[in-house]
Amino acid sequence: MVMQYPHLSPLLQRVYDAWRDHLGAAIEAGVADGSLDPVSSVDEVVAIILAFIDGYEFEIATGLADGDPAVLERRALTLAAALVRPVNP
């Protein structure tokens, strides 16, 4: 989309930065308090989660997925649990 509408690039970058910062801070807090054990670096885990969110948004936008919030939540929690491995769930 940004290639067709380059004026959107700064806005989209701010959105990505906000998500990256928010998710990274949450994971880092869990690592610091011993409740999370990520399978990789925090940056790598955040990148994977953001890619999941992007892919799911695309599926919903194109009609490939029904957009059921309960399904999205279940899948997101499954992915997050695999990536950050809660220490004492």
Side-chain angles (χ1 to χ4, degrees):
M1 178 192 321
V2 172
M3 293 178 73
Q4 291 178 340
Y5 306 99
H7 64 282
L8 294 178
S9 183
L11 172 64
L12 293 174
Q13 188 62 54
R14 285 194 302 273
V15 169
Y16 267 84
D17 289 347
W19 272 107
R20 189 175 297 109
D21 292 348
H22 180 74
L23 291 170
I27 294 168
E28 287 172 355
V31 170
D33 72 14
S35 63
L36 298 178
D37 181 26
V39 299
S40 190
S41 71
V42 172
D43 288 341
E44 187 73 9
V45 169
V46 169
I48 293 166
I49 292 170
L50 289 175
F52 165 80
I53 293 169
D54 280 348
Y56 212 85
E57 287 176 340
F58 178 80
E59 285 186 348
I60 292 169
T62 59
L64 297 172
D66 65 11
D68 182 345
V71 172
L72 173 57
E73 179 181 15
R74 185 183 74 242
R75 291 177 180 171
L77 290 173
T78 299
L79 177 64
L83 292 173
V84 297
R85 299 181 308 208
V87 173
N88 291 312

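Numbers here simply count residues along the sequence, with the first being 1.
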>> Ignoring hydrogens, what is the shortest heavy-atom contact between L36 and P86? Give both atom names and the distance.
In response: CD2-CA, 4.0 Å
>> Could you tell me if the side chain of L50 sits less than 4.5 Å from the side chain of L23, heavy atoms only?
In response: yes
> When rounded to the nearest 0.5 angstrom, what distance separates CD in E57 from CG in L72?
Replying inline: 9.0 Å
> If every non-hydrogen atom of R85 is compared with every non-hydrogen atom of A82, which pair is closest and at what distance?
Replying inline: CG-O, 3.8 Å
> When rounded to the nearest 0.5 angstrom, what distance separates CD in E28 from CG in D21?
Replying inline: 9.5 Å
> Are the side chains of F52 and L83 in touch, meaning some heavy atoms are under 4.5 Å apart?
Replying inline: no
> Would you call R14 and D17 a salt bridge, taking side-chain N to carboxylate O under 4.0 Å as the test?
Replying inline: no
> Looking at CZ of R75 and CG of D68, how far apart are the two atoms once the value is rounded to the nearest 0.5 Å?
Replying inline: 9.0 Å
> Passes side chain to side chain contact (heavy atoms under 4.5 Å, CB included), Y56 versus V71? Steps please.
Replying inline: CA-CA 11 Å; Y56 212 85; V71 172; 3.4 Å; yes
>> Measuring from atom CD1 of I53 to atom OH of Y16, what distance do you get when rounded to the nearest 0.5 angstrom?
In response: 9.0 Å
>> Can you see whether S41 engages D43 through a side-chain donor-acceptor pair at a distance of less than 3.5 angstrom?
In response: no
>> For a 4.5 angstrom cut-off between non-hydrogen side-chain atoms, does D37 reach V84?
In response: no
> Closest approach of P38 and V45, non-hydrogen atoms and distance?
Replying inline: CB-CG2, 4.1 Å
> To the nearest 0.5 Å, what is the distance between CH2 (W19) and CD1 (I49)?
Replying inline: 10.0 Å
